[in-house]
Amino acid sequence: MAQLFRVAGVPEHFNLPWRQAITENAFAGSALDVRFIEEPSGTGAMTRALRERDVEAAIVLTEGGVLDILGGGENRLVSVYVDSPLTWGIHVAADAPIRSVEDIAGKRVAISRFGSGSHLIAVVDAMQRGFDTDDMQFVVVNDLDGARRSLASGDSDVFLWERHMTQPLVDAGEFRRVGEREVPWPAFVVSVRDDMLAPHAGAIRSILDIVAGFAQRLKIGDATAQLVRDTYGLRLPDAERWLSTVEWSSSHERPDDALRTVVAALAAQGAIDSTAVDLATLWFRLA
């Protein structure tokens, strides 16, 4: 019986290659029994699932994956999944009195979890804008639907999330986007539990190479924008715009400069104590 290999990822357009690979039974010849599990609560929930051994791997935000390992997570990064940076939209309720991004200083920020991307990038954004991060207030909402309820009820004021996934809510007049924050490192990386790495490195690399093939097929496919529109509820122009900017990776090389930038940002916001991090503790080179 093949070793179970459960991979968690957010139910977003970035993970369409995984969905297609599963649908087409592309892992049938693998030495591992691959399952893809969608986790709407994001990176914080997925790193917790890794710790609790509910999954063997996860497609996580780079900053969240690094923070998890530095915080004692028994897993390592093995590959960049999406090389292009993530652009976060800064959102408020459509009828909120906040009119511009300058007005969000000191407001209550909805986050999926402490240590999640929505938490970390909110702090990074505040630092970049010169806001007092000691003055920040956070409201845990678990996921995008929780943020919708929280903003609508007035329990929180601001929410940062990937801008293309929130575009339908902006178009519908539920959210209003007052600003954006592009993060200067690759958007997503693959994090794998330590106990899986040495015995299954070759199989894991083969699985990731298969997914990379599906990603490249999607990138050049004539019907991909329509598929993204139909699957994730985006307008066709927004799906086309996203597809023109996203760059999936097929490399397993360690992105040293990007990892150092992430470590420096985490240290600057107080999430970790020092930038003196041995990158070998973060990355496993797949054979």
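This chain uses plain numbering: 1 for the first residue, then up along the sequence.
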Assess, by modelled atom type and distance only, whether the side chains of Ser41 and Asn142 contain a donor and an acceptor separated by less than 3.5 Å.
no

Just one of Arg148, Glu174, Arg177 clears the side-chain hydrogen bond (donor to acceptor under 3.5 Å, both in side chains) bar with Thr166, so which one?
Arg177

Are His13 and Trp242 an aromatic pair, judged by ring center distance below 6.0 Å?
yes

Going by atom types alone, do Glu162 and Trp88 pair a side-chain donor with an acceptor below 3.5 Å?
no

Partner residues of Phe36 under the ring pair (Phe, Tyr, Trp, His ring centres under 6.0 Å) criterion, sequence neighbours left out:
Trp18

Are the ring centres of His119 and Phe138 closer than 6.0 Å?
yes

Side chains of Gln226 and Asp230: is there a donor and an acceptor less than 3.5 Å apart?
no

If you count every heavy atom of other residues, nucleotides or ligands that lies below 6.0 Å from Arg129 atom CZ, does the total exceed 12?
yes

More than 12 heavy atoms of other residues, nucleotides or ligands under 6.0 Å from CD of Gln3: yes or no?
yes

Between Asp103 and Lys107, the two heavy atoms sitting closest are O-CE, 3.3 Å

What class does the angle between the rings of Phe188 and Phe14 fall in, given that below 30° is parallel, 30 to 60° is tilted and above 60° is perpendicular?
tilted

Within a reach of under 6.0 Å around CG of Asp273, are more than 12 heavy atoms found that belong to other residues, nucleotides or ligands?
no

Less than 4.0 angstrom from a charged side-chain N to a carboxylate O is my criterion; do Arg53 and Asp195 meet it?
yes

So, Asp68 and Arg48, do they make that salt bridge, N to O below 4.0 Å?
no

Shortest non-hydrogen pair, Ala110 vs Val141, comes out as CB-CG1, 3.9 Å

May I ask you to decide whether Arg19 forms a salt bridge with Glu38, counting only side-chain N to carboxylate O separations under 4.0 Å?
yes

I'd like to check the side-chain contact (heavy atoms from CB on, under 4.5 Å) partners of Ala172; sequence neighbours left out, ordered by chain and number.
none

Polar contact flag, side-chain donor to acceptor under 3.5 angstrom, Ser251-Ser249
no

Does the pair Arg235/Asp171 count as a salt bridge with the N-to-O cut at 4.0 Å?
yes

